[in-house]
Amino acid sequence: MADINSIEETLDNIIPDVNRQAVPTAPPRSKGAPMILMRNVEKRYVAEKAALEGVNVEVSSGEFVFIVGHSGSGKSTFIRMLLREVLPTKGQIVVAGYDLANMRNSRVPYLRRNIGCVFQDFKLLPNKTAFENVAFALQVIGKSKHVINTQVPEVLGLVGLKDKINSYPNELSGGEQQRVSIARAFVNRPPMLLCDEPTGNLDPQTSLGIMKLLERINKTGTTVVIATHDREMVNNMRRRVIALDGGHVVRDQDRGVYGYVD
Amino acid sequence: MFTVMSTNPAYFLREAGTSFKRNWVMSLGAIITIFLSLLLIGTSMMASKVINSLVTNVESKVSIQIFIKDDAATQDIEVLQRKLVTDSLVKSVNFTTKEQALENFKNTMSQSPEVVENLEGNPLPASLDIELKDARDVQTVVDTIKKSETFAKIADHPEDPEKSLKYGQQIVKKLFAFTRIVRIVGALFVVMLALVSLIFINNTIRLAIYSRRQEIAIMRLVGASNWFIRAPFMLEGIFQALIGAGLAIGGMLTIQFAAIPKLQSTISFMQFNLATSTTLGISGMLIILGCAIGAFGSWLAMRKYLKI
């Protein structure tokens, strides 16, 4: 007599495999040099369980990509690996021309100057104004006062906060704070923007605005990678979707949809 | 209109100053710890200098005396004297006649002249007084003298020439054992104190870093180099150490100019003089040691936050 639990377990084991085989290899993109190149990447925090396994992903310069997946799917590891906060156990990762596995620790800051980061919790400094928060990013990489005083107002204008330039984070709405954080990520004109749940704390209306902003930034040629749970958003945008499950890439689709039943 | 921003080295100084003000209680703690540690280190260095000069003083008093019998031939005495003078270990050889010996004895006994008055004739022998370049060579020189035939001829006690030699071998041995212990204990003391200051600076900077961990996280995220992040904190640590070192030098000078003269007047038979160059040297060492402790302590505290 077959135990129903064991059948379910078996199914769980089979389905990802089936999915993996069914993954249509992403059609060749002609947009430019690869911004992200992952070959056979594997990450194990503990020896028994892989957080990521057999990941092969290529993102070309100028693409707009969603990374979707449940908690524990390996999404966070994926993002942290691009920033070289964690190193792969196996495989090769190249981001913006940097070979992450064979890179000296002292070079990591220079890699990060090529990746603008946006987070769910904004990570703004509460005792600094919008201007100062954005300026801080330029200041700490040694940009001159002149550069700061031209670029910061410009980028704050781009994100639509020209008149909130001297406001402190607690005087701004969630959407506005996220715009400041996007301005900070983009002020240095990095070739890539990496967003981890950028709309996670925002209502749908505001989220849409943020997405439109990210899309506009993408139009300037910046590669945009967004890890998200926001099904609505992914389905509306119809962009490339890379789905992760159990540490594997289970789907990589152009003009994709969220495709999970949460 | 906009807040004035600067990206020159003034940035580091300003950051260090701000953090210093923000955590002034902890900073004060670090300064006091550094101050007391460096003061103790400086004082123990000073003390070891004083002890050294005392030891040198005592060492120079270690000499060899050869007592000569009354009827020794002047020729023989001269032969021995010349032989000793040419010895590379010997600094000087003085001949003390019987009369001089009596004179010296009278001088030392001036408190009780009745002893001198009761003397019949002059019982004191003449002597050769040998001063050495290094007190540690005393045994070697004594051995050379013992082997000499001239010495046997002129010795005050011909039946047992060794009795005619007087030297402070035992004193020298004990003295060196003592000064060695003093030096080792002093060095251990200095190392321990330096460690305590290091730990305290480390803790202060850790607190300063903790209160600004958000800023540091963002700095790392936007690609500030590790040295850029580290510099203000290291400057803060050095700043604290410098203040502590300044106070310690002040304290040391106070001890030198207030306490030593008093000590000197109490124990007048010993010499406690410190050259100005010694004081300057110790002060310089305290500043360097303080800065090293400050910089290293902060660097240590930063390590965790800068791990990639």
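Every heavy atom of this structure was used, including side-chain atoms; hydrogens, water molecules and symmetry mates were not. The model shown is predicted, which means the values in this text are computed figures rather than measured ones. Residue numbers start from 1 in every chain, and the chains themselves are labelled A, B, ... in the order their sequence lines are given, proteins ahead of strands.
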Enquirer: Suppose we screen for side-chain contact (heavy atoms from CB on, under 4.5 Å). Which residues come up paired with A/T89, at least two apart in sequence or across chains?
Expert: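 Applying side-chain contact (heavy atoms from CB on, under 4.5 Å) to A/T89 gives A/K43, A/R44.
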
Enquirer: With only heavy atoms counted, which part of A/R184 is less than 4.5 Å from chain B, the side chain, the backbone, both or neither?
Expert: side chain

Enquirer: Looking at A/K212 and A/E215, is there a salt bridge between them, counting it only when a charged N and a carboxylate O are closer than 4.0 Å?
Expert: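 Answer for the salt bridge query: yes.
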
Enquirer: At a 4.5 Å cut-off on heavy atoms, which part of A/L111 comes close to chain B: side chain, backbone, both, or neither?
Expert: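 Contact with chain B is absent: no heavy atom of A/L111 under 4.5 Å.
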
Enquirer: Give a yes or no on this: more than 12 heavy atoms of other residues, nucleotides or ligands lie within 6.0 Å of atom OH of A/Y45.
Expert: yes

Enquirer: Check each atom of A/P190 against the heavy atoms of chain B and say whether the ones under 4.5 Å are side chain, backbone, both or neither.
Expert: neither

Enquirer: Hey, is CZ on A/R39 packed in by over 12 heavy atoms from elsewhere, all under 6.0 Å?
Expert: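 Not more than 12 within 6.0 Å, no.
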
